[in-house]
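This report concerns only the one structure given below.
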Amino acid sequence: MAAWGERLAGVRGVLLDISGVLYDGGEDGGTPIPGSVEAVARLKRSQLKVRFCTNDSQKSRRELVGLLQRQGFDISEGEVTSPAPATSLILKERGLRPHLLIHDGVRSEFDQIDTSNPNCVVIADAGEGFSYQNMNKAFRVLMDLEKPVLISLGKGRYYKETSGLMLDVGAYMKALEYACGIEAEVVGKPSPEYFQSALKEMGVEAHEAIMIGDDIVGDVGGAQRCGMRALQVRTGKFSSGVFHGAERADEASALPHAWAFGLVPSLLPSDEQHPEVKADGYVDNLAEAVDLLLQHAIK
């Protein structure tokens, strides 16, 4: 792998994942990952442009930003790219009336949307709202449509909270896709449109930007397919000890560092579209990533 100076040369903008990079969520609001508050502050004092990119669909953008501000992060609503506001705009532009299978915390993002006589389904991380009854209702709405439209706020498989790993919206999205024989439209990472929107907000080209995240598929793979570079941190879901592709549990738990440095590509996490994804670099946490960026990206 090339030296850090070569890998980070020409970077002008930094996209930061939130959950698993800045903080680990939880019922009590979660906790900042050590060093992340100061790392964000250092980035924002530098010449680099910063954008926060999240697939969090249990909180409105305002609620999420308020939570992070209370934890000490220098962040504002206007600096956050999230899927719910983007989805609301899509619904208005296309004249879609959604049946909403979403968390109550994000419902305010859809206050101005007509939900009568639904002609599509919008699914997000509904948490406890993912009951059989609610999933079946969404299924029935889709099956009653001549041209069913399913819009999903992200396609993540799982994420990490302080209490442990949590199933994400992608698992439920796949269930509806399978049952209805359709393909969902994804708003959020790893959608190319999501990253392009964030880049436009920052005012940088893809080759000038780098994504820092804990998800090898949504963060790293999605960014790289848009022409960006990407670093993976060993926090959040990375540090959970879950290694997809390992044949035995003892293999997975014994190989975190080998996997992190790309020495065992056969054990990299993957799905159908991403049989093998490697980051442009691996760091212990956001603080280390910022150290490297300030040392090598700014001349």
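Computed from heavy atoms alone, side chains included, the values below leave out hydrogens, waters and symmetry copies. In this text, all values refer to a predicted model and were calculated from it rather than measured experimentally.
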Would you name the heavy atoms of [X] and [Y] that are closest together and state the gap between them?
{"X": "A138", "Y": "V121", "result": "O-CG2, 3.7 Å"}
{"X": "I151", "Y": "T87", "result": "CG2-CG2, 4.0 Å"}
{"X": "V37", "Y": "P32", "result": "CG2-CB, 4.1 Å"}
{"X": "G236", "Y": "I33", "result": "N-CD1, 4.5 Å"}
{"X": "L96", "Y": "I113", "result": "O-CG2, 4.4 Å"}
{"X": "A230", "Y": "A223", "result": "CB-CB, 4.3 Å"}

[Y] and [X] side chains, donor-acceptor separation under 3.5 Å:
{"X": "Q224", "Y": "D280", "result": "yes"}
{"X": "S116", "Y": "R97", "result": "no"}
{"X": "D125", "Y": "Y159", "result": "yes"}

Beyond-backbone contact of [X] with [Y], side-chain heavy atoms, under 4.5 angstrom:
{"X": "H99", "Y": "C120", "value": "no"}
{"X": "L153", "Y": "N55", "value": "no"}
{"X": "K237", "Y": "D215", "value": "yes"}
{"X": "M211", "Y": "D17", "value": "yes"}
{"X": "S57", "Y": "H103", "value": "no"}
{"X": "R94", "Y": "V149", "value": "yes"}
{"X": "Y172", "Y": "L101", "value": "no"}
{"X": "E109", "Y": "S60", "value": "yes"}

| query | Can V50 and L16 be said to form a side-chain contact (heavy atoms from CB on, under 4.5 Å), step by step? | reply | CA-CA 7 Å; V50 181; L16 298 178; 4.0 Å; yes
| task | Mind checking the CE-CD1 spacing from M143 to I182? Nearest 0.5 Å is all I need. | result | 9.0 Å
| Residues forming a salt bridge (charged side-chain N to carboxylate O under 4.0 Å, His left out) with R229, sequence neighbours excluded | none
| said: I'd like to know if the side chain of Y158 reaches the main chain of A171, judged simply by a donor and an acceptor atom lying under 3.5 Å from each other, with no hydrogens or angles considered. | reply: no
| said: Assess the residue pair V186 and M173 against the criterion (side-chain contact (heavy atoms from CB on, under 4.5 Å)); give the C-alpha distance rounded to whole Å, side-chain angles, the decisive distance to 0.1 Å, and a yes or no. | reply: CA-CA 10 Å; V186 177; M173 178 198 82; 4.1 Å; yes
| query | Run the salt bridge (Lys or Arg N to Asp or Glu O under 4.0 Å) check on D168 and R157 step by step: do they pass? | reply | CA-CA 5 Å; D168 204 349; R157 296 167 295 177; over 6 Å; no
